[in-house]
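Single-structure report; data block below.
Residue numbers begin at 1 in each chain, while the letters A, B, ... track the order of the sequences. All values derive from a computational prediction rather than experimental measurement.
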Number of protein chains: 2
Amino acid sequence: MPEIDRTSRLYPYEQIAAWITHRIHNGDLRPGMPIPSETTLQQEFPGTARTTIRRAVRHLRDLGLVETLPRRGTYVLPPQDHQ
Amino acid sequence: MPEIDRTSRLYPYEQIAAWITHRIHNGDLRPGMPIPSETTLQQEFPGTARTTIRRAVRHLRDLGLVETLPRRGTYVLPPQDHQ
DNA sequence: AGTAATTTGTTCGTATGTATC
DNA sequence: AGATACATACGAACAAATTAC
């Protein structure tokens, strides 16, 4: 449900990251596939700034869920068994 | 007159809140418009801390005069007829 | 080959949230 | 009450590489 809950204690970037994570675990976004572009995500979450979208993607990157190829896109990584 | 009266029995935050309230009732600040930012207010009332400004704004919020959109700004609400 | 569209990179300015001293 | 620091958020502008046609 792409809609930011402004009353949540979760930051918008956290909500966006959670949404993408959900789609990955869902199988909607599979390893090797690109996630939606920043512009697209911004449209999916009206009222958000691109800087916030980028913050969310950075978070996913930090979690090791995705990989960003400069100026090409951000792609879903294979599941990592982190012991 | 943005100048804190240190001899007044009114707390600085009350004086600041009163000043903003005055500007709202004045029509200087109208519904839907953002009130001056915390930084601006801090400059308008030299010698005050941001925490004090925030306390004043919180007071206005409690009174139902303004609404704060987290990390976006504080806006004047339409007049409320409180019976 | 060449141009336009797309996508990420970078930076600036302004605003509030939270914490510490 | 004041001072300082850092984080998140929105908006905007521009740069650079890639892709599409």
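In this structure, A:Ile53 atom CD1 and D:dC10 atom P are separated by 8 Å, rounded to whole Å. A:His59 places its NE2 atom 14 Å from the C1' atom of D:dA7, with the value rounded to the nearest Å. Spacing between atom CD of B:Gln42 and atom P of D:dA5 amounts to 13 Å, rounded to whole angstrom units. When the C1' atom of D:dA1 is taken as reference, atom OH of B:Tyr13 falls 13 Å away, rounded to whole Å. Atom CG of A:Asp5 is separated from atom C1' of D:dA9 by 16 Å (rounded to the nearest Å). Atom CZ of A:Phe45 is separated from atom C1' of D:dC10 by 16 Å (rounded to the nearest Å). Atom pair A:Ile4:CD1 and D:dT8:P shows a separation of 15 Å (rounding to whole Å applied).
Each of A:Glu14 and B:Arg55 has a nearest nucleotide on DNA chain D; the 5'-most of these lies closest to B:Arg55. Across the interface with DNA chain D, nearest-nucleotide mapping of A:Ala49 and B:Ala49 shows B:Ala49 to be the residue nearer the 5′ end.
Put simply, A:Tyr11 has no side-chain N or O that comes within less than 4.0 Å of OP1 or OP2 on D:dT8. Using a 4.0 Å cut-off, no side-chain N or O of A:Thr51 falls inside it from OP1 or OP2 of D:dA9.
Summarising the hydrophobic clusters (Ile, Leu, Val, Met, Phe, Trp, Tyr; side-chain heavy atoms under 4.5 Å, direct or chained), the residues clustered with A:Leu69 are A:Tyr75.
Nucleic acid contact for B:Arg58: none, since no nucleic acid atom lies under 4.0 Å from a heavy atom of the residue. The residue B:Pro34 sits apart from the nucleic acid: no heavy atom pair falls under 4.0 Å.
Under the 3.5 Å distance criterion, the side-chain polar atoms of A:Gln15 are matched with a main-chain donor or acceptor of A:Leu10.
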Give every pair of a protein N or O atom and an N or O atom of nucleotides 6-8 of chain C that lie under 3.5 Å apart, one pair per line with the distance.
{"from": "C:dT8", "atom 1": "OP2", "to": "A:Glu38", "atom 2": "N", "distance (Å)": "3.0"}

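The salt bridge (Lys or Arg N to Asp or Glu O under 4.0 Å) search around A:Arg23 returns A:Asp28, A:Glu44, not counting sequence neighbours.
For the pair B:Arg61 and B:Thr68, the minimum side-chain heavy-atom distance is below 4.5 Å.
Once rounded to the nearest 0.5 Å, the distance linking CZ of B:Arg54 with CZ of B:Arg50 reads 5.5 Å.
Of all heavy-atom pairs between A:Arg6 and A:Thr48, the closest is NH2-CG2, 4.2 Å. Contact detail for A:Pro12 and A:Thr52: the closest heavy-atom pair is CB-CG2, 4.1 Å.
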